[in-house]
Amino acid sequence: MIAPLESKFQFVSRLNSDHTEQLWRMFQGESWSRGRKLPDVRRMVEHSDLIFAFCEPETGRLVAFARVLTDFVYKAAVFDVIVEKRHRSLGLGRLLLEAITSHPALLFVEHIELSCRDELVPFYRKWGFTPDSRKIRLLRRVQEQLLSRPTLAEKAS
């Protein structure tokens, strides 16, 4: 008998320092997250409301990750869904989405939202995610990273 996928990976809801560094390395392999800096990833993890991750039980190495920002009433936004390349097609994305959509703190949130590439829409539809039919558009303001901005004192000199 083949063991269920859930028993092959360990769920974690908090990342330790090693996990955060492993996440940063995973981000460097993706076009949408390449170039993120480790201190920024550490801060991102620290300020996320909910963390969903899976690790290899033998090594403790991070292999899948997602995070949620939420007010726990009206909105929850899923960000940074990522599965390590060599662990793709094993069902870890499915485990992440099942963990998110069944999390007790999110069960009564009015809207759970996420952004994804067009080719991933069929995957996310399995959990009820659909393009917004109310013609609401995602707008984005791109800013310089705060860590690279000169301080007020530096600007004055």
Side-chain angles (χ1 to χ4, degrees), residues 5-6 8-56 61-149:
L5 182 62
E6 292 85 350
K8 294 181 181 179
F9 296 97
Q10 177 185 7
F11 177 78
V12 295
S13 59
R14 293 179 186 219
L15 300 189
N16 62 34
S17 184
D18 288 341
H19 292 147
T20 303
E21 189 167 329
Q22 293 159 7
L23 175 61
W24 172 74
R25 290 184 204 285
M26 289 168 56
F27 282 157
Q28 301 316 303
E30 301 298 328
S31 62
W32 55 268
S33 56
R34 187 175 297 120
R36 290 183 179 184
K37 295 173 178 57
L38 183 55
D40 295 338
V41 173
R42 289 188 197 287
R43 203 167 89 211
M44 172 201 81
V45 168
E46 181 181 324
H47 293 287
S48 294
D49 295 312
L50 298 169
I51 298 290
F52 299 85
F54 287 93
C55 298
E56 293 178 330
R61 195 165 58 81
L62 185 75
V63 295
F65 173 86
R67 66 189 180 102
V68 172
L69 299 179
T70 183
D71 60 19
F72 297 101
V73 177
Y74 299 109
K75 300 282 185 187
V78 180
F79 292 100
D80 298 320
V81 178
I82 188 168
V83 175
E84 186 181 57
K85 287 182 180 179
R86 66 187 188 102
H87 285 85
R88 291 184 184 164
S89 301
L90 298 178
L92 283 163
R94 175 182 58 81
L95 287 181
L96 285 171
L97 268 291
E98 287 175 3
I100 292 166
T101 57
S102 67
H103 192 284
L106 299 175
L107 290 178
F108 300 102
V109 174
E110 192 172 323
H111 297 119
I112 300 176
E113 301 170 348
L114 60 80
S115 299
C116 70
R117 295 185 320 267
D118 286 340
E119 64 268 21
L120 292 172
V121 169
F123 172 77
Y124 290 112
R125 280 187 192 272
K126 296 173 192 172
W127 288 273
F129 292 93
T130 59
D132 195 324
S133 60
R134 295 177 300 160
K135 305 288 184 198
I136 294 175
R137 306 269 311 183
L138 172 68
L139 302 177
R140 176 173 288 154
R141 175 184 158 173
V142 177
Q143 304 188 125
E144 292 178 50
Q145 285 192 336
L146 294 176
L147 298 177
S148 64
R149 288 185 183 174

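Heavy-atom basis, side chains included; hydrogens, waters and symmetry copies ignored.
Rounding to the nearest 0.5 Å gives a distance of 9.5 Å between CD of Glu110 and CG of Asp71. Here Arg34 contributes atom CZ and Met26 contributes atom CE; the two are 13.5 Å apart, rounded to the nearest 0.5 Å. Expressed to the nearest 0.5 Å, how far OG1 of Thr20 lies from CG of Leu38 amounts to 8.0 Å.
The two residues Leu92 and Ala64 make their nearest non-hydrogen contact at CB-CB, 4.1 Å. Residues Cys55 and Leu62 share a closest heavy-atom pair of SG-CA, 3.9 Å. Gln28 approaches Ser33 most closely through the heavy-atom pair NE2-O, 4.3 Å. The two residues Ser48 and Leu69 make their nearest non-hydrogen contact at CA-CD2, 3.7 Å. The minimum heavy-atom distance between Ile100 and Ala66, with the atom names listed, is CD1-CB, 3.8 Å.
Residues Trp32 and Phe27 meet the side-chain proximity criterion, which asks for heavy atoms closer than 4.5 Å. The shortest side-chain heavy-atom distance between Ile51 and Val12 does not fall under the 4.5 Å cut-off. Inter-residue side-chain proximity for Leu23 and Met44 is flagged as met; some heavy-atom pair is nearer than 4.5 Å. Residues Leu95 and Phe11 have side chains not in contact (no heavy-atom distance under 4.5 Å, counting atoms from C-beta outward). No side-chain heavy atom of Asp40 sits less than 4.5 Å from a side-chain heavy atom of Trp24.
Annotation: salt bridge (charged side-chain N to carboxylate O under 4.0 Å, His left out) contacts involving residues 9-23, sequence neighbours excluded, comprise Glu21-Arg25. Within the structure, every pair that satisfies the side-chain hydrogen bond (donor to acceptor under 3.5 Å, both in side chains) test and touches residues 115-127, not counting sequence neighbours, is listed here: Arg117-Glu119.
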Only distances under 3.5 Å count here; give the side-chain donor-acceptor pairs of residues 80-87 to other protein atoms, sequence neighbours excluded, each with its distance to 0.1 Å.
residue : atom : partner : partner atom : Å
Asp80   : OD1  : Arg36   : NH1          : 2.9
Asp80   : OD1  : Arg36   : NH2          : 3.0
Asp80   : OD2  : Arg36   : NH1          : 3.4
Asp80   : OD2  : Arg67   : NE           : 2.6
Asp80   : OD2  : Arg67   : NH2          : 3.2
Glu84   : OE1  : Arg61   : NH1          : 3.0
Glu84   : OE1  : Arg61   : NH2          : 3.4
Glu84   : OE1  : His87   : ND1          : 2.7
Glu84   : OE2  : Arg61   : NH1          : 2.4
Lys85   : NZ   : Gly29   : O            : 2.9
His87   : NE2  : Glu56   : OE2          : 3.1

Side chain to side chain contact (heavy atoms under 4.5 Å, CB included) between Leu120 and Phe129: does it pass, once the steps are laid out?
CA-CA 11 Å; Leu120 292 172; Phe129 292 93; over 6 Å; no
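When the options Val109, Leu106, Leu114 are evaluated for a side chain to side chain contact (heavy atoms under 4.5 Å, CB included) with Val68, the one that passes is Leu106.
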